[in-house]
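Written below as structure tokens is the structure these notes are about.
Computed from heavy atoms alone, side chains included, the values below leave out hydrogens, waters and symmetry copies. Whatever order the structure lists ligands and atoms in, that order sets their numbers, starting from 1. Positions are given from 1 along the sequence.
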Amino acid sequence: MESEVSRNPWRVLEFYSGIGGLRYSLLKAAVDATVVEAFDINDVANDVYQHNFGHRPFQGNIQTLNAADLDGYNADAWLLSPPCQPYTRQGLQKGSSDARASSFLKILELVPQLLRPPSYLFVENVVGFETSDTHAILVDILEKNNFVTQEFILSPLQFGLPYSRPRYYCLAKRKPLSFEVPEFNCQLLRTPGPLLGQTESTMEKELLLSPEYWDELLQACQPVDDFLVFKTFGNRKDSSTYSFHANDSVKSDRIDEENDVCFVPSSLIERWGSAMDIVYPHSKRCCCFTKSYYRYVKGTGSLLATAEATFQTK
Ligand SMILES: C[S@@+](CC[C@H](N)C(=O)[O-])C[C@H]1O[C@@H](n2cnc3c(N)ncnc32)[C@H](O)[C@@H]1O
């Protein structure tokens, strides 16, 4: 992809920048690119982004941007990870009629008005987006504005990363740019092979349905520990288990600051049991951490415990 663009480094706009996941991906992809602006409405996310990258995103509603604003950045590539709540399988799946979809629809509507449209687009969302009316609008607008697309549903596990939730990705290039394997245009692909110029074979498609394929991926991927910033967690305890007593209070047990240990109190484990998704540094999978992390037992992410709590009676 890199050699196709005349300008280096690429000028990139990161919409819905959050804490900067897509910017990290850009770094990892080792593309010669510079993020000329990031946009997010949430000040806490922007604090984290600023901490991570030393640049504070433009703080405001993306819906207020107009074509002249976007042309002003003269960007080669747009990265977009719009809110996923309108499309999640657990949600109401209101799609484009959900107010949280409006800003993305507005950005798409601006594409035909641009004097300097981007050459590349990258869209990320949850599984469920691909069957939504917003998806139909995305594909229609891209096609009418000379973009070719390839779409994927991929799990980070397929790249050796301990995160098990598959995601929807759309890659778009403006003609005359093209994909290495154009036969995959306008298809929804489920293996990373086509990204590397390989075909998605019938055998691979069958493999995707087999639990053994996913088990093997789980075994082969890196542990969560490789991605933890605070490696000192739990170091001051000799063992990886952490003891506390039956009548210890729940509220203060979540993080033991003195010992730099995070754990889930066994009283909670006993109460909620298998409903809780607890992951440890050695785990080979986890699920998305949301802003309601730990406030609910289910659906707000895996709980990270750096030590296992053991239950003791006094
Ligand atoms: C799915 S998250 C993106 C996550 C991001 N890729 C990351 O790595 O953290 C969606 C983000 O869009 C932001 N957002 C939602 N609606 C917005 C709007 N209308 N204008 C600007 N930002 C918005 C939210 O604050 C949230 O950070």
Side-chain angles (χ1 to χ4, degrees), residues 12-29 31 33 35-67 69-70 73 75 77-111 120-130 132 134-135 137-138 152-156 159 161-163 165-172 227 229 286-293 299-302 304:
V12 176
L13 290 181
E14 188 182 7
F15 297 91
Y16 311 97
S17 46
I19 61 172
L22 290 189
R23 184 152 174 180
Y24 276 119
S25 309
L26 194 65
L27 286 171
K28 185 90 179 155
V31 176
V35 175
V36 290
E37 193 51 281
F39 306 88
D40 203 289
I41 203 165
N42 184 301
D43 56 345
V44 178
N46 288 341
D47 285 347
V48 179
Y49 189 100
Q50 185 171 9
H51 171 82
N52 287 341
F53 300 104
H55 170 83
R56 190 166 189 85
F58 175 93
Q59 183 151 341
N61 192 335
I62 285 171
Q63 213 163 326
T64 61
L65 295 168
N66 61 33
D69 295 329
L70 297 175
Y73 291 107
W78 287 6
L79 310 178
L80 306 112
S81 47
C84 56
Q85 295 91 336
Y87 320 105
T88 46
R89 282 175 292 187
Q90 299 94 322
L92 297 174
Q93 295 193 306
K94 284 165 75 182
S96 297
S97 58
D98 188 312
R100 290 166 291 193
S102 312
S103 61
F104 183 54
L105 292 167
K106 167 82 190 299
I107 286 285
L108 293 175
E109 281 161 18
L110 292 179
V111 171
Y120 302 98
L121 248 92
F122 179 86
V123 181
E124 178 263 343
N125 216 274
V126 289
V127 172
F129 178 83
E130 76 285 1
S132 69
T134 311
H135 171 263
I137 294 170
L138 166 73
F152 295 84
I153 287 183
L154 295 170
S155 163
F159 297 87
L161 304 173
Y163 178 92
R165 203 170 168 202
R167 294 278 168 173
Y168 164 86
Y169 302 96
C170 173
L171 308 180
F227 301 89
V229 174
C286 68
C287 243
C288 192
F289 291 56
T290 75
K291 75 176 174 190
S292 300
Y293 177 66
T300 61
S302 306
L304 173 67

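Shown in contact with Asn61 at under 4.0 Å from a heavy atom are these atoms of ligand 1, numbered in order with element: 18 (C), 19 (N), 20 (N). Which parts of ligand 1 touch Gly60 is read off a 4.0 Å heavy-atom cut-off, strictly below it: atoms 20 (N), 21 (C). Of all atoms in ligand 1, numbered sequentially from 1 with element shown, those under 4.0 Å from a heavy atom of Gly20 are 7 (C), 8 (O), 9 (O). With ligand atoms numbered from 1 in the order given, ligand 1 contributes 5 (C), 7 (C), 9 (O), 27 (O) to contacts under 4.0 Å with heavy atoms of Gly18. Shown in contact with Pro83 at under 4.0 Å from a heavy atom are these atoms of ligand 1, numbered in order with element: 15 (C), 16 (N).
You'll find the side chain of Tyr168 stays beyond 4.5 Å of the side chain of Val126, heavy atoms only. At least one side-chain heavy atom of Leu138 sits under 4.5 Å from a side-chain heavy atom of Phe129. Contact annotation: the side chain of Cys170 never approaches that of Leu121 to less than 4.5 Å [non-hydrogen atoms, C-beta and beyond].
The protein heavy-atom contact nearest to atom 9 (O) of ligand 1 is Ile19 N, 2.9 Å. Among protein heavy atoms, atom 8 (O) of ligand 1 sits closest to Gly21 N, 2.7 Å. Nearest non-hydrogen protein atom to atom 2 (S) of ligand 1 is Ser81 O, 3.9 Å.
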Should Phe39 and Phe58 be marked as a ring pair (Phe, Tyr, Trp, His ring centres under 6.0 Å) after you check the CA-CA gap, both sets of side-chain angles, and the distance that decides it?
CA-CA 5 Å; Phe39 306 88; Phe58 175 93; 5.7 Å; yes
Would you check, one step at a time, whether the test ring pair (Phe, Tyr, Trp, His ring centres under 6.0 Å) holds for His135 with Tyr87?
CA-CA 10 Å; His135 171 263; Tyr87 320 105; 9.8 Å; no
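Each of Arg23, Gln50, Glu37 was scored for a side-chain hydrogen bond (donor to acceptor under 3.5 Å, both in side chains) with His55, with one residue passing: Glu37. Of the options Leu80, Val35, Asp40, a side chain to side chain contact (heavy atoms under 4.5 Å, CB included) to Glu14 is made by Val35 and by none of the others. The ring-ring contact (aromatic ring centres under 6.0 Å, His included) test with Phe15 singles out one residue from Phe104, Trp78, Tyr73, and that residue is Trp78.
Not one N or O of Phe39 is nearer than 3.5 Å to an N or O of ligand 1, by distance alone. Backbone and side-chain nitrogen or oxygen atoms of Ile41 are examined, and one is located within less than 3.5 angstrom of a nitrogen or oxygen of ligand 1. Distances between N or O atoms of Gln63 and those of ligand 1 include no value under 3.5 Å. Every N/O-N/O distance between Glu124 and ligand 1 stays at or above 3.5 Å.
In this structure, the ring of Phe53 has its center less than 6.0 angstrom from the ring center of Tyr24.
The closest approach between a heavy atom of Cys84 and any atom of ligand 1 is not below 4.0 Å. The closest approach between any non-hydrogen atom of Ser17 and ligand 1 is below 4.0 Å.
The residue from Phe15, Tyr16, Phe104 that puts a heavy atom closest to atom 4 (C) of ligand 1 is Tyr16. Between the choices Val48, Ile62, Asp40, the shortest heavy-atom distance to atom 26 (C) of ligand 1 belongs to Asp40.
Distance check: Ser17 OG to Asn46 CG gives 5.5 Å after rounding to the nearest 0.5 Å.
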